[in-house]
Amino acid sequence: MSAGGRPAAQPGVRVHGATHVGSVREANEDAMIVDPAHGLYAVFDGMGGAMAGDVASQKARDVVKEYVRARRSQMEPRAMIDAALNAASAAVHAEALSRRDRRGMGTTAVVALVLDPRRMLVGHVGDSRAYLLREGRLTQLTRDHTVVAELLAQNAISPEEAEVHAYRSVLSRNLGARPETRVDIAEIALQRGDRVLLCSDGLYGFTSTEAIQQLLGSTDAPEQVAKDLIEAALRGGGGDNVTVVVIEAGVATVPRTTQLVRTTGSISWWARRERFFEAARAAGLATNPICAVLSPGEAVEIVAGNFVEALFHDLEKATTVNVWTYAENLAHGWLDRGGGWAPLRLLLDILHHSCTQVVADVRRDDAELALIVEAAVTRELTVCEMAVGGVLGERLRAIEAELVKLYGERQAASEARRVDTGKPFLDQPTMPFLRKEATSEAASPEVRPVLDAALRAAMQRERDPAVHDLLTRLHGLACEAAPTAAVTVAARDLFGVRALEERAIAPLFDALDRARRALIGAIHSSQGGAATPVQVAALRQLALAAHRLAASISGLVVEAAQPGSDKLREAVKQTSALRGQVGKNEARLAELERKFATVYDPMAGKLVDPGSSWGGSR
Amino acid sequence: MATPADHAATLESLRPVALARLVEIRGSLDHALARVTEAEAREHFDAVLRHTQAYVATWDWRLHRSFLQSYIALRAGDGMSSDDVIHVLVAVGDVVIDLVRNQLGGKPIVHELVVALAKVNAHTVRGVIDLVAEELERRRAQRDQLLRGGAP
Amino acid sequence: MTRTPAPLADRVDVLRDEVLDTAERGDRDPPGAEIFEAIVRQLAALGDSAGHGGLDLTLHDALARRLAWGDTEEVLLGDADRVFERLVKACARGLRDPEEQAAVLETASDVLTAAARIVALAAVGRAGRDRSARLREEMAQRRLRDALHEQAQTLARLEQEVKESGL
């Protein structure tokens, strides 16, 4: 493991970077920048095979570093990051063009520029990520530039579909694929105690988000955190190079209110736990369906007791982990048993009601402390509900994905029926890429026997009727002067009635490949020894025929997919119109709501004199 | 003790600062918000802040629920899930709570207003969960219908 | 002294400008470059003892990226068509040895059919995604209609309340 990181030149910022080749790869194609003097931190993840990946990432690293160092004090920071990454893209692209073994190489980049201890810019291209950990909550600051992430952002697929998508690792943007690139840049307002993590996919691809959150949220110094994160990725398989840069925006100072909550607040909460149990008992905790398997005593002891304890720990440490875990386990346990939301809601209400009783008790002794405890406890109840909301949201996404899958399968089958419209295929405008007037030349008299012999030999070798059909068609197209129409008719016959699914389309291409290879093999062995000009001519005829046929089949698939795209476009238009209507109503409602708020007194439960308006300056 | 109208009026006085702060840190709140322009983000947060003020003044649950329903429906088009909605709205509430504490210092209304805003957050999460749970039931019914061979 | 001819892949690579028509289409990512490069890569691999074989992931990624950048499947197939036509002509002129011409033709045929397959399966994938997206749109529409319904009720109530207040 190599590590980088010097004492930060920027006050209030501590940083450490580390990188590891991983357990599987032979070379480290990642690169990083840890430059506290310029507030510049970055991670690059190169790609391109044959040692080109590390060339790309190192080139980009050098260009970005030099660019920022030279212009840090002169350029507007946002424009500078954009320009630096574009300069890196141009440099990698030029390098790729200069040598064949480097063609196609590229690199991702995630760059953080700390402007001051309160502000940071994050720019990125590709799927290296930046995360922010604030008050125990992990937020991904960057959105991967992968084909799948783009689809996900357009709501074209669900997160579950994204997990298994064929293009999940295909980048839609990188440095080097083109001389210029589009960079996403966001400004982050830092708070004391925030931690920002830059990393390559070798980290998040082999480590759970929960583990990243836990390790980044530890009280260890950035050096230890970086080391732990890399070890976590290695334990997860270490299937890729892994690089992390941990940036910490100052050490958190605890505000006075939090200190009060941690000391006096938590003590008064704990001291009144019996009051909580009593309230929970009176509110019918034991009769809640979630507690059905427990005795009344156990219900209070386990369900209410665990809550009181979790909340006490949270108040003491002013973090949100315990109550979150409590609520998440409760929700999972109940919903996994087939339970619904209503009993869970009721249980949360009982907990809330019991909290209110405790706060009322505190109020009798100290009104100001009661308000502080009430705010802290309400916050904890909110965290509880957020955890439950996460569990329900997860289930909703899962069932929506299931619905989409079921619906998709049914639609695919019905589309297959619709493709076979019986409409004369040649009348349909189709395959603009195959020029209508294009007609291949017929095989010459000396080539024809070679093709005939190849067909006979291939037919003897192949047993599959589907391949036989293709052998005959390829032979025919290779021998005759075939206009585009003839190719499309052949493609149409072969396509037949097929569902627009991979399992229906792929076998057609498999058969075409087998037929093509069988004919090529037969042409080669037809005259023995080195290739002759006649054989070359036969191969040319065959290659052209195979290409035209494959492209025609492909065109048919594209065409069959078109009505679905049209319908989607129409649906998107309808959704957009509805959004417009909702937005318009929302504006109208906001205006009315403002007026309503000036005349309605929730304490009196009636309309009040508009003269007591609170919104004078609006 | 201050009235709900007082709370709303205090929030109104803090709205410009809250708005500026939220626009500034939008990149830390959500991807969808990180991508929008400053003007769009301002409009978005302003609507949330104004509604929060109205809710603190009226505590009208039906209004809040209607707002949340529209918010979820609109934000879904920006690629935000119900979890994202919860996190963004709670984060907005947290930012305002921080501002109340920092800007109003020792004023007597601070603790009350912090409790009120904490309650808004709690109600918001509950409102979103209610809507998610209803949606979940509907989707389950649709799934069962599809499995039985009916139309979704 | 006998000159050793450059490997076949290198000699085909020399034809890049001609095949991709860079004079007309520019040197930066001319259309069909991914097809031509896949052919050169595969020709270079012919000499490797390890062989090549299998799916060319680089070609797969390059085509997927073009689709992601907004090129249509038709454009991709059209580019492939043009590259094939120009390559066949360029090789007929540029390569004397029939054995080499045969190797280029076979390789080009492999790459072209692979490209057609990739494009077709991408369209299949798109069709699936479109189906999913359509249902998601319908779900979103349902949510929006519910919101509209709720809004209509709230609007009516607020209008009434505000009217009664005399504002």
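Below, chain A is the first sequence line, B the second, and so on; all start at residue 1. As a basis for the values below, the full set of heavy atoms in this structure was taken, side chains included, without hydrogen atoms, waters or symmetry mates. Bear in mind that the values here come from a model prediction, so they are computed numbers and not experimental data.
To the nearest 0.5 Å, the span separating CD on A:Glu402 from CG on B:Leu146 amounts to 9.5 Å. For the atom pair CD1 (B:Ile129) and CG (B:Leu136), the distance works out to 12.0 Å, reported to the nearest 0.5 Å.
When side chains are defined from C-beta on, A:Arg129 does not count as touching A:Arg143, because their heavy atoms never get closer than 4.5 Å. Here the side chains of A:Leu190 and A:Val196 are in contact, with some heavy-atom distance below 4.5 Å. Taking 4.5 Å as the limit, some side-chain heavy atom of B:Arg15 sits within range of a side-chain heavy atom of B:Arg50. Counting heavy atoms from C-beta on, the side chains of B:Val120 and B:Val56 come closer than 4.5 Å.
Under a 4.0 Å N-O distance rule, the pair B:Asp94/A:Arg134 does not qualify as a salt bridge. The existence of a salt bridge linking A:Glu374 and A:Arg363 is confirmed by a sub-4.0 Å separation between a basic side-chain nitrogen and an acidic carboxylate oxygen.
The cationic atom of A:Arg410 (NZ for Lys, CZ for Arg) does not lie both less than 6.0 Å from the six-membered ring centre of A:Tyr407 and within 45° of the ring axis.
Inspection of the A:Asp184 and A:His145 side chains reveals an N or O donor paired with an N or O acceptor under 3.5 Å. No hydrogens or angles considered: nothing links the side chains of B:Arg148 and B:Gln145 as a donor-acceptor pair under 3.5 Å. Residues B:Glu40 and B:Thr37 bring a donor and an acceptor atom of their side chains to less than 3.5 Å of each other.
If you measure heavy-atom distances from A:Ile399 to chain B, the contacts under 4.5 Å come from the side chain alone. Both the backbone and the side chain of A:Glu385 come within contact range of chain B, each with at least one heavy atom under 4.5 Å from a heavy atom of that chain. Heavy-atom distances place both the backbone and the side chain of B:Asp130 under 4.5 Å from chain A. Using a 4.5 Å cut-off between heavy atoms, B:Ser81 touches chain A through its side chain atoms alone. In this structure, chain B has a heavy atom under 4.5 Å from the backbone of A:Thr142, while its side chain stays farther away. Using a 4.5 Å cut-off between heavy atoms, A:Leu392 contacts chain B through both its backbone and its side chain.
When the candidates B:Val114, B:Asn121, B:Ile86, B:Leu74 are compared by the number of heavy-atom contacts under 4.5 Å with chain A, B:Leu74 comes out ahead. Note: A:Leu406 leads A:Leu132, A:Leu406, A:Leu578 in heavy-atom pairs under 4.5 Å with chain B. The candidate with the highest count of non-hydrogen atom pairs below 4.5 Å against chain A, out of B:Ser82, B:Ser66, B:Ser70, is B:Ser70. The choice from B:Glu112, B:Arg140, B:His87 that makes the most heavy-atom pairs within less than 4.5 Å of chain A is B:His87.
Between B:His123 and B:Tyr55, the ring planes are perpendicular. Angles over 60° get that label, and only those under 30° would be called parallel.
Residues of residues 338-349 of chain A that come within less than 4.5 angstrom of chain B, heavy atom to heavy atom, are A:Trp341, A:Arg345, A:Leu348, A:Asp349 in numerical order. Of all residues in residues 580-591 of chain A, those placing a non-hydrogen atom less than 4.5 angstrom from a non-hydrogen atom of chain B are A:Val582, A:Gly583, A:Glu586, A:Leu589.
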